[in-house]
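Notes follow once the structure below has been shown.
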Amino acid sequence: MNETADLAPAVRSILDAARERDAPDRRLSVSPRSLPDALAAADADGRVPTIAEVKPTSPTTDGERRDDPAALAREMVEGGAAAISVLTEPEHFGGSPDALRAVRDAVDVPVLRKDFLLREAQLDAVEADAVLLIARFLGDDLAGMLAAARDRGFDALVEVHDRDELQQALDAGADLVGVNNRDLAELVVDLETFETVAPHAPDDVTLIAESGVTTPADARRMREAGADGLLVGSAIMDAEAGDVESNTRRLVSA
Ligand SMILES: O=C(O)c1ccccc1NCC(=O)[C@H](O)[C@H](O)COP(=O)(O)O
């Protein structure tokens, strides 16, 4: 794994917890709902292809939403979300594998498992349609984790933050890449990150703009920069901005 000394303390803490987490003694085999197909279908019918995230809390969020994850996910789909992301990290994001299970039973769109996976056995914690693999944390293990995820049937969204990590993802064989606008060293969000990295991705890669998309103008900006889809958590979960369904619809209709 890469050096973690330059990471924000909260992220180091997330990684420490991930290293300690138990993994089940079984091997999953999933029949996934295709995430790329769901994004393409949303695009074809005029929606901004959006992966809406059930994100109860985070190191950069005040308070915690304790709403039923399945009810939130249904509202997101009602608002036009092409897919749902569910945090399964418990200590820092208030997520759980049970929440993901409940969401996947409640909706018929693909469900992405959002966690900080560091070793193969952690893929087997819960069935999902796709899993997130973070290039920075997996380093030389990325290709192996990508193969292990695909062997189980998962789509794999490989997260990068700069050009070097994009190259690392492509070398590992990634065809679904998320560019995280949140810098894990400082936890600062800058939409220019996607704009800088996206032009270097080959056309046949499905590109997702992750983090920091708050307004319809942000959504349009990411689409104009080449995003095939958006991953949005905070702006959709923000109860002060509106209910989850209307928050989702606002971005999906941008
Ligand atoms: O969201 C955080 O505070 C955070 C802190 C440390 C590591 C990761 C973090 N977020 C994970 C994510 O990738 C986001 O939940 C996701 O991209 C959605 O971002 P946003 O729309 O900005 O909530």
Side-chain angles (χ1 to χ4, degrees), residues 2 4 6-18 35 48-65 69 72-73 76 79 81-96 99-100 103 111-118 130-138 156-161 165 169 176-194 197 207-219 221-222 227 229-242 244 247-248 250-252 254:
N2 286 355
T4 58
D6 59 342
L7 294 173
V11 178
R12 282 209 297 276
S13 169
I14 290 166
L15 285 180
D16 289 344
L35 180 54
V48 173
T50 303
I51 307 170
E53 185 159 278
V54 176
K55 182 178 182 181
T57 188
S58 84
T60 58
T61 309
D62 289 330
E64 178 166 348
R65 285 192 70 156
L72 288 172
M76 291 165 174
I84 303 295
S85 165
V86 180
L87 262 308
T88 54
E89 203 278 356
E91 285 98 342
H92 303 79
F93 292 87
S96 69
L100 189 145
V103 166
V111 179
L112 167 70
R113 179 179 174 203
K114 196 81 194 300
D115 209 324
F116 299 80
L117 304 174
L118 299 178
V131 291
L132 182 81
L133 301 177
I134 301 177
R136 177 169 190 156
F137 300 153
L138 289 170
L157 174 61
V158 177
E159 179 177 301
V160 306
H161 182 66
E165 289 178 7
L176 182 56
V177 172
V179 180
N180 195 351
N181 290 309
R182 182 174 285 108
D183 173 6
L184 297 178
E186 306 282 344
L187 294 185
V188 170
V189 173
D190 182 354
L191 297 186
E192 213 179 307
T193 306
F194 183 85
V197 175
L207 265 190
I208 310 296
E210 297 180 18
S211 304
V213 174
T214 305
T215 64
D218 293 339
R221 181 175 162 186
M222 293 294 93
L230 312 176
L231 172 63
V232 186
S234 311
I236 287 176
M237 294 293 287
D238 182 358
E240 285 178 15
V244 161
N247 289 350
T248 306
R250 194 176 307 123
L251 295 174
V252 164

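Computed from a predicted structure; not experimentally measured. For ligands, and for the atoms within them, numbers begin at 1 and follow the listed sequence.
- For the pair Pro69 and Val86, the minimum side-chain heavy-atom distance is 4.5 Å or more.
- The option with the heavy atom closest to atom 7 (C) of ligand 1, from among Leu184, Val189, Ile134, Val54, is Leu184.
- Counting protein heavy atoms only, atom 3 (O) of ligand 1 is closest to Thr60 OG1, 2.4 Å.
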Let me have the donor-acceptor pairs involving side chains of residues 176-189, under 3.5 Å, with sequence neighbours excluded, atom names and distances please.
from, atom 1, to, atom 2, distance (Å)
Asn180, OD1, Arg182, N, 2.9
Asn180, OD1, Ser211, OG, 2.6
Asn180, ND2, Glu159, OE2, 3.0
Asn181, OD1, Phe194, N, 3.0
Asn181, ND2, Glu210, O, 3.2
Asn181, ND2, Ser211, O, 3.1
Arg182, NH1, Ser211, OG, 3.1
Asp183, OD1, Ala185, N, 2.8

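- For the pair Leu187 and ligand 1, the shortest N or O to N or O distance does not fall below 3.5 Å.
- Of all the heavy atoms of Arg182, the ones lying under 4.0 Å from any atom of ligand 1 belong exclusively to the side chain.
- Not close to ligand 1: Met237, with no non-hydrogen atom less than 4.0 angstrom away.
- Heavy-atom separations between Ala235 and ligand 1 are all 4.0 Å or longer.
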Q: Show your reasoning for whether side-chain contact (heavy atoms from CB on, under 4.5 Å) applies to Val48 and Leu251.
A: CA-CA 7 Å; Val48 173; Leu251 295 174; over 6 Å; no
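- The nearest heavy-atom contact from the protein to atom 23 (O) of ligand 1 is Ser234 OG, 2.5 Å.
- The protein non-hydrogen atom at the shortest distance from atom 21 (O) of ligand 1 is Gly233 N, 2.8 Å.
- Among protein heavy atoms, atom 17 (O) of ligand 1 sits closest to Ser211 OG, 2.7 Å.
- Glu53 OE2, 3.5 Å is the protein heavy atom nearest to atom 18 (C) of ligand 1.
- The residue from Leu132, Ile51, Leu35 that alone fulfils the side chain to side chain contact (heavy atoms under 4.5 Å, CB included) condition with Ser85 is Ile51.
- Protein heavy atom nearest atom 8 (C) of ligand 1, with residue, atom name and distance: Phe93 CZ, 3.7 Å.
- Not a single heavy atom of Val213 sits under 4.0 Å from any atom of ligand 1.
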Q: Test Met237 against Leu72 for side-chain contact (heavy atoms from CB on, under 4.5 Å), laying out the working first.
A: CA-CA 9 Å; Met237 294 293 287; Leu72 288 172; 3.8 Å; yes
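- No side-chain heavy atom of Glu165 sits under 4.5 Å from any side-chain heavy atom of Val197.
- Taking all heavy atoms of Lys114, Glu159, Lys55, Glu210 into account, the minimum distance to atom 13 (O) of ligand 1 is reached by Lys114.
- Lys114 is linked by a salt bridge (Lys or Arg N to Asp or Glu O under 4.0 Å) to Glu53, counting only residues two or more places apart in sequence or in another chain.
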